[in-house]
K.L.:
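One structure follows; several queries about it will come next.
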Amino acid sequence: MNILIIGSGGREHSLGIALKKSKNCDALFFAPGNTGTATLGQNLAISETDFNALIAAVKTHHIELTVVGPEGPLVNGIVDHFESQNLAIMGPHKISAQLEGSKAWAKDKMKRYNIPTAAYATFIEFNTAKNYIESRNVYPIVIKADGLAAGKGVTVATNHSMALTALTDCFLDQKFSQAGLQVVIEDFLVGEEASILAFTDGETIIAMPPAQDHKAVFDGDKGPNTGGMGAYCPAPIATPTIQEQVMQKVLQPLISGFKKDGILYKGIVYAGLMIAPNGQASVVEFNARFGDPETEVILPKLKTDLIDIFFAIINGTLDQLTIEWDTTTVVGVIMASGGYPGDFEKEKEISGIEAAEEIKNVSVIHAGTKEKNNKIVTNGGRVLCVLGQGDSIQSAIKIAYTGVEKISFENQHYRTDIGKKAV
Ligand code: AMP
Ligand code: GLY
């Protein structure tokens, strides 16, 4: 079967590697892809939001399954578009992708379904939001643009002036356009974060092993938040008891709540969790897709055929499938362009990828890379994700960093403490 993967990051390269292992995979296509995905299949120069061009490519290349990586196309209804033409596509419809596309919508559902999450209020106007913050007068307080803001719409405000700046950005300066014209203000949750992703066909929901991302740009969780500077899986902070609690109190209630509300949710549910010191998990956010870089560290552990899983989701037969994982630990270290998540330069030549991949149990996932004059150059903030797979977290960390040390490009930056919390 021919398969199209939409997106251009490390997540999409990893999805390609996992799908290529399937006995039923004939050819892979990526739109638009990167230098890593070009080694697995054909990159198509089509934007991930150009639904008509994507559908035309699916017909031209006899593609029988489309997998969507990023949130943008999902929130804009790509699944509805494809299904209206009877094309098989893996992901939630526009209505259910609001789980990620509108934080107010997601919080409202969590409240209705009794899913543990921070107390909150929603605002559509600067002054009432400002009055609320001043009457609460507790810091930190968390201010979130309602819509998609490329990971930049959340401020954990530690004082009044920071909170006002966040509200000004949203309402007065309209820094996030439409996405910031509604704002969710929520209480600050204390604890350690973990991500539990799950496959669901709307009836059955099956969790993947827990992962932990490292959002801050510098070691020790210092500096501004990024898309993620590294991850590992499994994350021991999410103990089997906590995983069971998340299934009973978060994932199952979400799917049965949606069913009661007449909403069919098919695809991936990503629960971003805060695990309090007393072991109680609350939802920080939901995403309607695979996480990045979580996917890079979760999928290498998958033993079940991923095409079978995706068709079970599409056909509503997930209850008939057993999904198996190996017992290894995978650590992924992001190598980024210096300056990211702020401004950074592109087109720096990357050396050492092949040398890194010669090391046993190292693999190099491409994120922001492209080819120029037959050389691989940087093309984004997050450039590569170097994976180490081992029998323990310690060995996986060691393997991943042995790979990282082989690779270099001008002004590179990576964290040196990925996975340390789990040791
Ligand atoms: P979100 O996009 O909603 O996941 O928020 C981005 C990051 O902000 C999260 O990964 C957390 O580190 C932090 N954050 C968001 N909401 C809260 C909260 N209620 N309490 C503490 N930290 C939060
Ligand atoms: N790793 C965070 C995300 O995918 O949203």
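Model, not experiment: these values are computed from the prediction. Atoms within each ligand, like the ligands themselves, are counted from 1 in listed order. What you see below is based on every heavy atom in this structure, not just the backbone, and it leaves out hydrogens, waters and symmetry mates.
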K.L.:
Taking H413 as the fixed residue, which of F344, F218, Y340 is the one that meets the ring-ring contact (aromatic ring centres under 6.0 Å, His included) rule?
P.N.:
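Among F344, F218, Y340, the one meeting ring-ring contact (aromatic ring centres under 6.0 Å, His included) with H413 is F218.
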
K.L.:
State, to 0.1 Å, how close A281 and P116 come at their nearest heavy-atom pair, and which atoms those are.
P.N.:
O-CG, 3.5 Å

K.L.:
Between K348 and S337, do the side chains contain a donor N or O and an acceptor N or O under 3.5 Å apart?
P.N.:
no

K.L.:
Are Y270 and ligand 2 in contact, using a heavy-atom cut-off of under 4.0 Å?
P.N.:
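Checking ligand 2 against Y270, which is what was asked, there is a heavy-atom contact under 4.0 Å.
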
K.L.:
Taking side chain as C-beta onward, heavy atoms only, is I143 less than 4.5 Å from I133?
P.N.:
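With C-beta onward as the side chain, the pair touches.
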
K.L.:
Stepwise, does the side-chain contact (heavy atoms from CB on, under 4.5 Å) test hold for D319 with E203?
P.N.:
CA-CA 8 Å; D319 61 329; E203 291 281 339; over 6 Å; no

K.L.:
Could you list the atoms of ligand 1 found under 4.0 angstrom from a heavy atom of V284?
P.N.:
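By the 4.0 Å cutoff, the relevant atoms are 3 (O), 4 (O), 9 (C), 14 (N), 15 (C), 16 (N), 17 (C).
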
K.L.:
If you have a sec, work out which protein heavy atom is nearest atom 20 (N) of ligand 1 and how many Å separate them, to one decimal?
P.N.:
L189 N, 2.8 Å

K.L.:
Under 3.5 Å between any N/O of K215 and any N/O of ligand 2: does that happen in this structure?
P.N.:
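No; every N/O pair is 3.5 Å or more apart.
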
K.L.:
Among protein heavy atoms, which sits nearest to atom 2 (O) of ligand 1, and what does the distance come to when rounded to 0.1 Å?
P.N.:
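Checked against all protein heavy atoms, atom 2 (O) of ligand 1 sits closest to E285 OE1, 3.3 Å.
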
K.L.:
Students should be able to answer this: which protein heavy-atom is nearest to atom 5 (O) of ligand 2, and at what distance?
P.N.:
R289 NH2, 2.8 Å

K.L.:
Can you confirm whether F286 sits close enough to L254 that some side-chain heavy atom of one is under 4.5 Å from a side-chain heavy atom of the other?
P.N.:
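Heavy-atom side-chain distance check passes, below 4.5 Å.
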
K.L.:
Counting each atom of ligand 1 from 1 as listed, which ones have a heavy atom of M274 under 4.0 Å away?
P.N.:
21 (C), 22 (N)

K.L.:
One residue to check: V154. Relative to ligand 1, which of side chain, backbone, both or neither has a non-hydrogen atom less than 4.0 Å away?
P.N.:
side chain

K.L.:
Taking only heavy atoms of G291 into account, list the atoms of ligand 2 that are under 4.0 Å away from them.
P.N.:
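Answer, ordered by atom number: 4 (O).
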
K.L.:
For T37 and N43, which I'm curious about, is there any donor-acceptor pair between the side chains at under 3.5 Å?
P.N.:
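Their side chains do contain a donor-acceptor pair, which is all the 3.5 Å distance test asks for.
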
K.L.:
Considering the heavy atoms of E193, write down every atom of ligand 1 situated less than 4.0 Å from one of them.
P.N.:
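Going through ligand 1 atom by atom, the ones under 4.0 Å from E193 are 9 (C), 10 (O), 11 (C), 12 (O).
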
K.L.:
Would you mind listing which atoms of ligand 2 come within a distance below 4.0 Å of any non-hydrogen atom of D213?
P.N.:
1 (N), 2 (C)

K.L.:
Can you list the ligand 1 atoms lying under 4.0 Å from a non-hydrogen atom of N225?
P.N.:
7 (C)

K.L.:
Distance to 0.1 Å, residue and atom name: give those for the protein heavy atom nearest to atom 13 (C) of ligand 1.
P.N.:
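For this ligand atom, the closest protein heavy atom is V156 CG2, 4.0 Å.
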
K.L.:
What are the atoms of ligand 1, with element, lying closer than 4.0 Å to any heavy atom of E186?
P.N.:
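Those qualifying, in numeric order: 16 (N), 17 (C), 18 (C), 19 (N).
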
K.L.:
Check whether any heavy atom of G228 sits under 4.0 Å from an atom of ligand 2.
P.N.:
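For ligand 2, residue contact (heavy atoms, under 4.0 Å) with G228 is absent.
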
K.L.:
Let me confirm one number: the NZ-CG distance from K130 to L167, rounded to the nearest 0.5 Å.
P.N.:
9.5 Å

K.L.:
Is there a heavy atom in G227 that sits closer than 4.0 Å to ligand 2?
P.N.:
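True for this residue.
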
K.L.:
Please examine the side chains of D221 and K421, heavy atoms only from C-beta on, and report whether any two atoms are closer than 4.5 Å.
P.N.:
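Yes - at least one pair of side-chain heavy atoms lies under 4.5 Å apart.
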
K.L.:
Just to check, does D187 reach to within less than 4.0 Å of ligand 1 when the distance is taken from its heavy atoms?
P.N.:
yes

K.L.:
Scan side-chain atoms only and decide if N34 and S8 contain a donor-acceptor pair under the 3.5 Å cut-off.
P.N.:
no

K.L.:
K215 heavy atoms, cut-off 4.0 Å: which ligand 1 atoms fall inside?
P.N.:
10 (O)

K.L.:
Nearest 0.5 Å, what's the OG1-CD distance between T378 and E410?
P.N.:
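Answer for the OG1-CD pair, T378 versus E410, is 9.0 Å.
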
K.L.:
For ligand 1, which atoms, with element, lie under 4.0 Å from some heavy atom of K103?
P.N.:
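Once the distances to K103 are compared, the set is 1 (P), 2 (O), 3 (O).
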
K.L.:
Looking only at protein heavy atoms, which one is nearest to atom 16 (N) of ligand 1, and how far off is it?
P.N.:
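Going atom by atom, the protein heavy atom closest to atom 16 (N) of ligand 1 ends up being K144 NZ, 3.0 Å.
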
K.L.:
Regarding D173 and T168, is there a side-chain donor-to-acceptor distance under 3.5 Å anywhere?
P.N.:
no

